[in-house]
Each structure stands twice: as C-alpha cells, then as structure tokens.
Amino acid sequence: METLEGVCADAWPAVVRRDLGDWRMRAAGGYTGRANSTLAIGDPGLPLHRALDTVVAFSREHGIRPYLQVVSGSPVEEDLTDHGWRANTAHAKGAETYVLVGPTRPAPGDVRDTPPPGWLEVAVGGVPTRAQEHVLTTGPRVGFATVWDGDAIAGIARGCVVGAYLHVAVLEVRPEHRRRGHGAALLAALDHWAGTPYRVLQVTTANTAAVALYRRENLTESHRYRYWVGD
C-alpha cells in the first residue's frame, strides 16, 4: 500500500512539496485534491496535534483548504475526529477513491512525450493554468495518449512511469465518442509506450462507468483513500 501511494504521488507532482517526516504536504493552486493535500502515510515526526497544526499553516500559506489524503481504515483516521477534522463526504468527485493495480496489456497507439495541440484543453476543460500545466506535464517520464476522430481529439489519457509501474490519470473520452472501445485503447497504448509490467490508477468509487472499464482490464483493488478536512 505505501509503495503504491508513493508511486501515485511521484506520478502527480504538485507545484510545491514540503515533507513533514514521512508525510508529504502539497499545493498546486487548487488543481485536484491529490496535488493540494497532505499525503498522511507513515510517521510525521511530530505528535499528531502538532503535525496537523503544521498542515494547516502550510495550507494557509498556499491559499488552499487544509486537506489530508488518508488511507481508509488506517490508524491515523481513528484519531482525526478527536482533533476536529472530518471526512470530506462532499468531495466533488466522490467521498472515497479506489487505488487499482494490475498487469499491463500493451498494444500500439498514439502516445507522445509532449501533449499535442488541444490535449491540455480537453484535460482541464479550458485553457490550463500554470499550475494545471505543471501537474499534467511534470513527472519522472510522462506520456500523452490520444485517440482521434480525423483531426479532432476523441479521447485522451496521461501516463507516468515510476519504477515498475505505469500510473494512469486523466482518462477522458468525449461523450459523443464513448462506447467504442477508446478507453481500453488508450490504456493499451500507454502500456505499450511505458514498457512496464504493472499499471496503477486512482478512481472514485462513485465513478461506476470507469470502475467497470478497469475491472474488465483486470485491475483489482489494493486499497482506498479519503480526504479529511480541517477547519
């Protein structure tokens, strides 16, 4: 579990990262919970109340709400309520997220080392901010998969290689192009490009369509995480 969380964090780099013992405090202008939360795994090197105060101070410094990304059922979860934190059940994409892992299933496709024109706009739904561009284009080795309808983008996915793992994110197929196998094709293209034995990704439990695709791709649950928010 800790290894996979480290892979996922390395593959999705925040603009600012500051370590607190084993914890990772991150900020990226509010773009995604993962890049604007503290990954609370391991020992922060401080008593919990002092660690939480440090997280709050870091969040205020960078203009974001104080969030913790916490593995569901982990020991730290048991103590957060006593310190005034609460599970963010109103998170926009769902209250809980799967971390899924499985073998790669490579097949050739269009994967580039830099995003083609229009790719970033599809990923963020408009003109990307500097923080969004940083998160999407930075990482150990990043690839940008695309399926096309003529000259128009029909679907995209981002891959990042971290050790033996391909981390997949931002898999998006435009509504008018869905149910044509493009999601599976994007995954296979990233697998082929990455050359790794395993793929890992994060998806909210509420995203039933995506979860069904990933189950068909033989991805299985490693664990789940939730966000906790402090006032």
Side-chain angles (χ1 to χ4, degrees), residues 7-8 11-13 28 30-35 91-139 141-162 165-221:
V7 167
C8 294
W12 196 251
Y31 177 58
T32 76
R34 283 174 286 164
H91 189 267
K93 292 191 174 182
E96 194 166 44
T97 297
Y98 290 123
V99 177
L100 303 179
V101 63
T104 51
R105 304 170 68 178
D110 184 354
V111 182
R112 308 183 191 186
D113 293 334
T114 57
W119 194 102
L120 291 174
E121 287 75 9
V122 173
V124 303
V127 178
T129 65
R130 293 179 66 181
Q132 289 171 328
E133 187 168 351
H134 172 92
V135 172
L136 289 168
T137 62
T138 305
R141 179 180 166 223
V142 183
F144 303 90
T146 313
V147 290
W148 301 88
D149 179 17
D151 294 331
I153 292 176
I156 63 167
R158 175 191 185 271
C160 184
V161 175
V162 182
Y165 293 90
L166 164 69
H167 178 269
V168 179
V170 200
L171 194 155
E172 177 69 29
V173 177
R174 287 182 158 168
E176 63 271 26
H177 296 286
R178 291 174 184 168
R179 302 184 185 278
R180 301 181 188 178
H182 290 328
L186 287 162
L187 290 169
L190 286 173
D191 290 347
H192 186 267
W193 162 84
T196 59
Y198 306 108
R199 65 162 81 124
V200 60
L201 55 82
Q202 297 143 296
V203 60
T204 60
T205 59
N207 190 345
T208 55
V211 170
L213 167 64
Y214 301 142
R215 297 298 192 198
R216 292 194 298 272
E217 288 288 312
N218 292 329
L219 294 167
T220 59
E221 180 182 345

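Counting begins at 1 with the first residue of the sequence. We use all heavy atoms of the structure for the numbers below, so side chains are in, but hydrogens, waters and symmetry mates are not. Computed from a predicted model, the values in this text were never measured in an experiment.
Looking only at distances, no side-chain donor or acceptor of Thr104 sits under 3.5 Å from a matching main-chain atom of Pro106. A distance-only check finds no donor-acceptor pair linking the side chain of Arg179 to the backbone of Pro175 [under 3.5 Å]. The main-chain N or O of Gln202 is never found under 3.5 Å from a side-chain atom of Thr97 such that the two would form a donor-acceptor pair. Between the side chain of Arg174 and the backbone N or O of Ile153 there is at least one donor-acceptor pair closer than 3.5 Å.
With contacts defined as side-chain heavy-atom distances shorter than 4.5 Å, the pair Leu219/Arg199 qualifies. Looking at heavy atoms from C-beta onward, Val7 lies out of side-chain contact with Tyr198 at the 4.5 angstrom threshold. When side chains are defined from C-beta on, Val200 counts as touching Cys8, because their heavy atoms get closer than 4.5 Å. The shortest side-chain heavy-atom distance between Leu187 and Glu217 falls under the 4.5 Å cut-off. Side-chain contact between Leu136 and Val124 is present, with at least one heavy-atom pair separated by less than 4.5 Å. Between Val161 and Thr196 there is a side-chain heavy-atom pair separated by less than 4.5 Å. Between Thr205 and Val211, every side-chain heavy-atom pair lies at or beyond the 4.5 Å cut-off. The side-chain heavy atoms of Val101 and Glu221, taken from C-beta on, include no pair separated by under 4.5 Å.
Across every non-hydrogen atom of Leu190 and Gly143, the tightest pair is CD2-O, 4.0 Å. Residues Thr137 and Pro115 share a closest heavy-atom pair of CG2-CG, 4.3 Å. Residues Ala131 and Ala28 share a closest heavy-atom pair of CB-O, 3.4 Å. Here the closest heavy-atom approach between residue Gly183 and residue Leu171 is recorded as O-CD1, 3.9 Å. Gly109 and Ala189 get closest at one heavy-atom pair: CA-CB, 3.6 Å. When all heavy atoms of Gly139 and Cys160 are compared, the closest pair comes out as CA-SG, 4.1 Å.
In this structure, CG in Leu166 is found 5.5 Å from CG in Asp191, a value given to the nearest 0.5 Å.
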Might you work through the side-chain contact (heavy atoms from CB on, under 4.5 Å) test for Val135 and Trp12, ending with a clear yes or no? CA-CA 6 Å; Val135 172; Trp12 196 251; 3.3 Å; yes
For a side-chain contact (heavy atoms from CB on, under 4.5 Å) check, start with the C-alpha distance between Leu100 and Thr220, then their side-chain angles and the critical distance, and finish with the verdict. CA-CA 5 Å; Leu100 303 179; Thr220 59; over 6 Å; no
Let me see the working for Tyr98 and Leu201 under side-chain contact (heavy atoms from CB on, under 4.5 Å), right down to the final yes or no. CA-CA 8 Å; Tyr98 290 123; Leu201 55 82; over 6 Å; no
From CA spacing to verdict: side-chain contact (heavy atoms from CB on, under 4.5 Å), Leu120, Gln132: CA-CA 9 Å; Leu120 291 174; Gln132 289 171 328; over 6 Å; no
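Ring geometry for Phe144 versus Trp119: interplanar angle over 60°, hence perpendicular rather than tilted (30 to 60°).
Each side chain to side chain donor-acceptor pair (under 3.5 Å) pair with one or both residues in residues 147-162, not counting sequence neighbours, appears once here: Asp110-Trp148.
Atom CZ of Arg130 is surrounded by 12 or fewer heavy atoms from other residues, nucleotides or ligands within 6.0 Å.
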